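Heads up, the thing below is written out as structure tokens.
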Amino acid sequence: MKTALPQAGLGARAFDFAVFAGLVLAVWQLAHVVGGEVAMTSPLGTLVFTARSIASGELWPHFEATLGAFAIAYVLAASMGVLAGAVLGYHRLSGEVAEPVLVAVYSIPKVTLYPIILLFFGIGIGAEVAFGALHGVIPITLFTMNGVRNIKPVYIKAARTMRIRPYDLLRTVLLPATLPEVFTGLRVGFSLTLIGTLLSEMFGSRRGIGFMLMQAIGLHHMDIIMSLTFLLVMFALMANAAMLVIDHRLHRRA
Amino acid sequence: MKLATKLRVAVLMGAVGLVETLCQTGAIARFTMIPPSEMASSLWRLLYAGKLQTDMTRTLLAVCAALTAAIVVGFVAGAVVHAIPRVRRTIDPLLSAYYSVPVFVFYPMFIVLFGLNDIPKIIIGFLYAVAAMTINTLNGLDRVAPVLLKTARVFRMGRAATGFRVVLPAAAPYLFTGVKLAVAYSFIGVVGSEFILSSGGLGYQIGFAYHNFDNRTMYALILFILGLVMIVNMSLHAWEKMLMARRGYQ
């Protein structure tokens with residue numbers, strides 16, 4: 001049971017959030033003042049630098065590379081995860097057999113598997129896609145499996161009583177009943193696939209944001225590192241926030 | 001043994017056997033993957049010769065440092081945030097978004113700030129683990145049944161006594177989940193950082209072996225890390241089950 005929070009108006013909440021954001025910026029600025037320009041660029045400096053590098057267009061090829069690999073990896077992870085999850089959720093015994101294995105694989109440091117992926121796929125987009133998908137597919141499978149498992153049997157019985165056709169059963173009963181859980185899986189899988197894609201670019205790649213980050217370490221370009229980090233964090237947070245809104249709406253309706 | 005467990009063992013053994021035959025017959029080339037039996041024998045030789053000791057100690061020490069810091073900071077942060085609803089309300093959405101941020105992107109920044117030593121990877125391990133601990137501490141404190149707190153008040157227990165003898169035991173299962181996740185995450189953070197860029201440790205050695213086409217060492221090391229993490233996770237899982245059994249769950 002959640003302890004009841006005193007209900008606050010939107011204004012008060014916005015105020016608290018503004019205070020928090022202000023604190024973060026203040027700490028950042030302080031670190032910049034203490035450490036100097038070499039250690040950390042200031043919030044304003046980072047923003048200006050980011051705006052300038054976006055405007056100059058140098059970033060685009062790398063962005064496109066990362067986004068392309070990420071998109072393919074995510075589509076793969078999502079389709080394989082939903083399919084595998086549906087099968088494992090429907091067939092109880094296979095689900096029971098697979099679940100502990102999936103959970104175990106989920107909690108190992110998958111970075112260590114990256115050299116194997118590289119040996120199988122070679123340096124390039126193949127390895128990036130495979131590694132990104134590897135990160136995302138397991139949570140999507142697990143969430144989908146739970147969603148399918150937890151469909152109330154009475155729904156299916158009721159549908160059968162009404163002599164529903166298999167296609168309509170899927171469309172009007174099974175899909176709406178599992179959608180909230182599946183979507184949560186897709187949301188978690190989104191961020192993990194992003195991590196996987198970026199990691200693989202950081203370790204072995206000649207392009208993309210991860211590659212740019214590693215190159216910037218070598219050249220000691222703090223401004224590039226800070227602005228890329230800033231962009232990635234913002235992208236991840238905004239994507240997650242958007243998906244969280246949909247997620248909440250789906251779960252409330254269910 | 002349950003049927004599912006038997007089947008699981010059979011499937012896993014079958015998978016290893018399949019990989020073994022594929023490698024032995026040359027369907028998977030040797031420079032791509034070596035047979036699992038050779039991975040094991042190579043690992044045994046490395047362990048026997050004591051070649052892993054330095055890197056193993058280094059990685060484990062870093063994991064321990066990150067883990068300890070994450071558990072302490074995560075627990076204290078959780079307790080403090082729980083006590084102040086206003087802070088809680090502001091922090092909650094951020095905590096739920098925390099794991100959507102790829103923490104590894106901060107690693108280059110920490111390397112520039114602290115140099116190429118063990119500090120950046122400990123920080124990454126810590127950052128990965130601390131949120132799991134905070135979230136689960138909050139969860140645990142949320143789920144302390146109000147009736148327990150009322151009972152404590154009936155007995156006129158002080159704040160400290162209530163905390164140690166009522167709240168802490170009641171929240172323990174959730175705290176345990178937090179610790180379990182923190183272990184997994186600090187391993188991921190530390191080994192991952194070593195692998196990307198570092199001056200030593202197990203992750204570094206894997207990368208080193210990869211760049212030298214030394215598949216025997218590389219696969220042995222990967223096997224070692226996976227085995228180590230699996231053993232740690234499984235013992236924590238067993239311990240958790242024991243705790244739950246004592247509380248009368250299942």
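A note on names: the letters A, B, ... follow the listed sequences, proteins ahead of strands, and every chain is numbered from 1. Reckoned from all heavy atoms, side chains included, excluding hydrogens, waters and symmetry mates. All values derive from a computational prediction rather than experimental measurement.
- Interface remark: of the candidates A:L244, A:V188, A:I209, A:L199, A:L199 forms the most heavy-atom pairs closer than 4.5 Å to chain B.
- Contacts between A:M226 and chain B at a heavy-atom distance below 4.5 Å involve the side chain alone, from C-beta outward.
- Note: B:R88 CZ to A:D16 CG = 14.0 Å, rounded to the nearest 0.5 Å.
- Shown here for A:P109 and B:I188, the closest heavy-atom pair between the two residues is CA-CG1, 3.6 Å.
- Of the two parts of A:M234, neither the backbone nor the side chain holds a non-hydrogen atom closer than 4.5 Å to a non-hydrogen atom of chain B.
- With a 4.5 Å cut-off on non-hydrogen atoms, B:I28 touches chain A through its side chain but not through its backbone.
- Scanning residues 110-122 of chain A against chain B with a 4.5 Å heavy-atom cutoff picks out A:V111, A:T112, A:L113, A:Y114, A:P115, A:I116, A:L118, A:L119, A:F120, ordered by number.
- With a threshold of 4.5 angstrom between heavy atoms, B:F110 does not approach chain A through any atom at all.
- Residues that satisfy the side chain to side chain donor-acceptor pair (under 3.5 Å) test with B:H211, not counting sequence neighbours, are absent from this structure.
- Heavy atoms of A:F15 lying under 4.5 Å from chain B belong exclusively to its side chain.
- Of the atoms belonging to B:M109, heavy atoms from both backbone and side chain fall under 4.5 Å from chain A.
- The candidate with the highest count of non-hydrogen atom pairs below 4.5 Å against chain A, out of B:L113, B:V103, B:L138, B:V87, is B:L113.
- Using a 4.5 Å cut-off on side-chain heavy atoms (C-beta onward), A:M202 and B:P108 make contact.
- For chain A, no part of B:Y98 is nearby; none of its heavy atoms comes within less than 4.5 Å.
- Both the backbone and the side chain of B:V105 come within contact range of chain A, judged by heavy atoms closer than 4.5 Å.
- The side chain to side chain donor-acceptor pair (under 3.5 Å) analysis of residues 193-202 of chain A, with sequence neighbours excluded, yields the pairs A:T66-A:E201.
- Applying the side chain to side chain donor-acceptor pair (under 3.5 Å) test to every pair with at least one member in residues 196-210 of chain B, sequence neighbours left out, gives these pairs: B:D55-B:Q205, B:R58-B:S199.
- Using a 4.5 Å cut-off between heavy atoms, B:I91 contacts chain A through its side chain alone, with no backbone atom that close.
- For B:L181, no part sits under 4.5 Å from any heavy atom of chain A, backbone or side chain.
- Residue B:N139: no heavy atom, backbone or side chain, is found under 4.5 Å from chain A.
- Both the backbone and the side chain of B:I196 come within less than 4.5 Å of a heavy atom in chain A.
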Item checked: Test side chain to side chain contact (heavy atoms under 4.5 Å, CB included) applied to B:L94 and A:F20, step by step -> CA-CA 11 Å; B:L94 290 162; A:F20 178 80; 3.0 Å; yes

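- Within a 6.0 Å sphere centred on CZ of A:F17, other residues, nucleotides and ligands contribute 12 heavy atoms or fewer.
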Next item on the list: Start with the C-alpha gap between B:F106 and A:T229, add the side-chain angles, then the distance that decides, and say whether side chain to side chain contact (heavy atoms under 4.5 Å, CB included) holds.
Entry: CA-CA 7 Å; B:F106 290 109; A:T229 308; 3.5 Å; yes

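- The two residues A:S107 and B:A184 come nearest to each other via the heavy atoms O-CB, 3.8 Å.
- A salt bridge links A:E96 to B:K2: at least one charged side-chain nitrogen sits closer than 4.0 Å to a carboxylate oxygen.
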